[in-house]
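Quick note on labels: first sequence line is chain A, next is B, and so on, each numbered from 1.
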Number of protein chains: 2
Amino acid sequence: MSKKSLKLKKVEVSRARVLDAAAHIFRERGFVGTTMRAIAQDAGIEAGSIYYHFKSKDELIGAVLDFGITALQGSVTNAVDKLPKYATPKERIKTAINAHVSAIVKYGDYTLAMRRVFGQVPSNVWRKHVKLREEYGDFWHNLLANAQKQGGLRKDIDLTIARLFLLGGLNWTVEWFKPKKHSLEQIAESFASLILEGMKSK
Amino acid sequence: MSKKSLKLKKVEVSRARVLDAAAHIFRERGFVGTTMRAIAQDAGIEAGSIYYHFKSKDELIGAVLDFGITALQGSVTNAVDKLPKYATPKERIKTAINAHVSAIVKYGDYTLAMRRVFGQVPSNVWRKHVKLREEYGDFWHNLLANAQKQGGLRKDIDLTIARLFLLGGLNWTVEWFKPKKHSLEQIAESFASLILEGMKSK
DNA sequence: GTCTATAGGGAGATAGAC
DNA sequence: GTCTATCTCCCTATAGAC
């Protein structure tokens with residue numbers, strides 16, 4: 001049986017359910033506040049059974065963190081790569097903003113888990129994970145650097161500060177976004193307009 | 001003896017030391033990850049003694065959260081109020097950005113504690129605190145609304161989205177700011193330029 | 001694969017001495 | 001005001017049955 005079969009094996013389903021449950025509970029209670037019992041209950045099994053899939057709480061949070069950033073990076077790079085070659089730097093940035101905001105909301109449990117456990121995760125786990133985060137930061141840095149090189153962005157802006165400011169503003173969305181109150185497309189559109197055009201009247 | 005005497009009574013000094021220690025540890029470990037024993041050690045006393053000043057861990061985090069947002073709001077409103085009456089909307093916004101960024105770094109333990117314990121604090125404690133946060137949000141909302149009314153900001157921007165985006169970007173600073181690597185003034189200046197003028201080349 | 005039972009370690013909070 | 005001692009509860013992780 002191929003590993004890429006669409007039908008997942010039982011063990012893969014169980015593992016995925018535990019991972020989802022873990023993201024959900026880590027998101028609500030942070031790392032230390034999360035108990036294996038709470039994750040187990042959310043996943044519909046007993047606490048002891050988690051250890052068949054993950055050998056410790058540390059390994060579990062590591063898997064949640066890595067899955068979250070990987071899913072986010074995959075969504076965004078995929079969206080940008082689909083653009084035609086002649087797409088302008090501004091279009092690329094707008095697309096990335098839209099994809100980023102959509103993804104952090106779509107993978108809300110994972111995204112918020114990442115925020116909540118910041119600074120609570122054992123340092124050896126965090127060090128491993130941080131490399132993935134930096135890759136994603138580099139993606140954005142290159143996006144902005146190319147735009148600047150091609151004349152789409154002001155030459156006087158510090159790209160590192162701009163990137164951290166922009167991503168800080170985008171990521172905050174998960175904390176206040178309510179699907180019933182706002183449309184994601186409109187929010188992403190507003191963000192792009194704010195960071196590209198500024199809010200000053202002309 | 002007046003309560004407003006500059007010389008603090010012993011009990012006030014102790015209480016302040018416990019509060020500072022609590023902010024420091026909550027910042028590092030989140031709410032659930034923080035132990036009363038760790039706070040006590042940081043404050044130079046024994047765990048049992050904390051209960052002379054605060055009657056529970058819940059009351060302690062409540063005090064840290066309230067002090068943090070109050071200090072932040074005080075710093076920012078104070079800076080803006082000092083501006084001359086004829087200051088332009090743009091100047092007011094720049095001043096507020098500068099004061100906000102300075103304050104969140106100055107009160108770093110309290111600011112970061114607020115971020116870390118998000119979603120981990122018992123809901124009755126959080127509900128009380130959230131009112132103070134909303135007051136500060138209102139302050140920013142009015143600042144932007146006045147600027148827009150006076151023609152300093154584009155009429156087509158949604159002030160709520162703009163405010164959440166801006167504050168999200170500003171608040172993220174505490175996570176990456178390193179005094180040896182950056183100057184706070186330069187960062188605040190960059191933020192103001194980004195949000196007001198935009199990063200697109202003209 | 002998942003269960004139950006439990007070992008071993010800390011947690012928050014209180015009481016009473018000083 | 002602060003300390004020490006302690007009650008009671010709940011945590012992670014393991015072992016062995018099914």
A/Asp58 CG - D/dC11 C1' separation (whole Å): 14 Å

Under the ring-ring contact (aromatic ring centres under 6.0 Å, His included) definition, can you give me all pairs with a residue in residues 70-89 of chain B, not counting sequence neighbours? none

Rounding to an integer number of Å, can you tell me how far B/Phe31 CZ sits from C/dA11 C1'? 12 Å

Nearest whole angstrom, please: distance from the C1' of C/dC3 to the CD of A/Glu46. 7 Å

Is it the case that more than 12 heavy atoms not belonging to A/Gln41 sit under 6.0 Å from its CD atom? no

Could you check if a side-chain atom of B/Val76 sits within less than 4.5 angstrom of a side-chain atom of B/Tyr136, using non-hydrogen atoms only? yes

Check whether the side chain of B/Arg37 and the base of C/dG10 form a donor-acceptor pair under 3.5 Å. no

Interatomic distance, B/Ile50 CD1 vs C/dA13 P [rounded to whole Å]: 10 Å

Enumerate the residue pairs fulfilling side-chain hydrogen bond (donor to acceptor under 3.5 Å, both in side chains) with a member in residues 117-128 of chain B, sequence neighbours excluded, ordered by first and then second residue. none

Would you kindly give the OH-to-P distance between B/Tyr51 and D/dT4, to the nearest whole Å? 16 Å

Residues of residues 14-27 of chain B with any non-hydrogen atom less than 4.0 angstrom from an atom of DNA chain C: list those, numerically ordered, please. none

To the nearest angstrom, the NZ-P distance between B/Lys55 and C/dT14 comes to 10 Å

When you measure from the side chain of B/Tyr52, which nucleotide among C/dG1, D/dG1, D/dA13 comes out closest? D/dG1

Roughly, in whole Å, what's the span from CD1 in A/Ile61 to P in D/dT12? 13 Å

For residues 157-174 of chain B, which residue pairs pass the side-chain hydrogen bond (donor to acceptor under 3.5 Å, both in side chains) check, not counting sequence neighbours? B/His100-B/Asn171

Looking only at C/dG12, D/dT2, C/dG1, the nucleotide nearest the B/Lys57 side chain is C/dG12

Applying salt bridge (charged side-chain N to carboxylate O under 4.0 Å, His left out), which residue pairs with at least one partner in residues 166-175 of chain B are found, sequence neighbours left out? B/Arg115-B/Glu175, B/Arg116-B/Glu175

Sequence neighbours excluded, every pair satisfying ring-ring contact (aromatic ring centres under 6.0 Å, His included) that has a member inside residues 19-56 of chain A: A/Phe26-A/Phe31

Atom CE of A/Met36 to atom C1' of C/dC3: distance rounded to whole Å? 16 Å

For D/dG1, does OP1 or OP2 lie under 4.0 Å from any side-chain N or O of B/Ser49? no

